[in-house]
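Below is one structure, written out as structure tokens, with a few remarks after it.
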Amino acid sequence: MHAIRSLAVAVLLSATVAAPAAQAACHDRVVYHKKPVQDPHRVTGTVLGAALGGLVGHQIGGGTGKDLATVGGAVAGGVAGHKIQRHQQEKTVKEVVRVCD
């Protein structure tokens, strides 16, 4: 009986004193990626730019000159809005990711 008790104590001690599990080495990694594009044709920027350009162009000139300025402002605003939205969509985002080996 004493031998069984000693064996049981030895088994319990070996289970609790067993070598600790290997620790995973973790570190932070910086990752750059592009945000998902919701408007690939840049319609929103083009339309808003054209509307704003048309409003500004309408304030210039008089008579037929006012009409030409409105159309010119709308075209220029549309092009500018398209380019601005493209620039915003092409930005990369910085993200810090925790990686464990």
Side-chain angles (χ1 to χ4, degrees):
M1 180 75 152
H2 182 60
I4 295 174
R5 187 179 307 166
S6 295
L7 181 61
V9 169
V11 169
L12 287 174
L13 284 176
S14 67
T16 58
V17 181
Q23 293 288 332
C26 296
H27 60 279
D28 291 338
R29 178 176 291 160
V30 178
V31 179
Y32 295 93
H33 59 88
K34 289 186 179 184
K35 292 189 293 186
V37 176
Q38 296 179 359
D39 185 6
H41 301 293
R42 301 175 189 95
V43 174
T44 305
T46 304
V47 169
L48 289 175
L52 185 60
L55 286 173
V56 170
H58 188 71
Q59 304 301 316
I60 300 171
T64 56
K66 183 174 241 162
D67 294 338
L68 289 174
T70 301
V71 170
V75 170
V79 170
H82 184 84
K83 287 184 178 187
I84 290 169
Q85 186 173 358
R86 180 182 69 206
H87 177 71
Q88 291 297 318
Q89 288 177 347
E90 291 177 351
K91 284 187 175 180
T92 56
V93 178
K94 177 182 174 181
E95 182 179 1
V96 178
V97 179
R98 186 81 171 159
V99 179
C100 296
D101 299 326

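Numbers for residues simply follow the sequence, beginning at 1.
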Taking only distance into account, with no hydrogens and no angle test, what donor-acceptor pairs under 3.5 Å do side-chain atoms of residues 90-101 form with protein atoms, sequence neighbours excluded?
unit_1, atom_1, unit_2, atom_2, d
Glu95, OE1, His33, NE2, 2.9
Arg98, NH1, Asp28, OD1, 3.0

Item checked: Heavy-atom neighbours of His87 NE2 exceed 12 at 6.0 Å ->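 12 or below, so no.
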Notebook entry, point to check: Apart from Val79 itself, what residues make up its hydrophobic cluster when side-chain heavy atoms of I, L, V, M, F, W and Y under 4.5 Å apart count as a link, directly or indirectly?
Noted result: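 Joined to Val79, directly or through intermediates: none.
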For residues 45-66, which side-chain N or O atoms pair as donor and acceptor with protein atoms under 3.5 Å away, sequence neighbours left out?
unit_1, atom_1, unit_2, atom_2, d
Thr46, OG1, Arg42, O, 2.8
Thr46, OG1, His82, ND1, 3.1
His58, ND1, Thr70, OG1, 3.1

Notebook entry, point to check: Residues in side-chain hydrogen bond (donor to acceptor under 3.5 Å, both in side chains) with Asp39, at least two apart?
Noted result: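 Result, side-chain hydrogen bond (donor to acceptor under 3.5 Å, both in side chains) vs Asp39: Thr44, Gln85.
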Item checked: Atom pair CD/CZ of Gln89 and Arg86 - distance to nearest 0.5 Å ->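 Output value for this atom pair is 10.0 Å.
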Checklist line | Pairs meeting criterion disulfide (SG to SG under 2.5 Å) with involvement of residues 30-84, two or more places apart | finding: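 Qualifying pairs: none.
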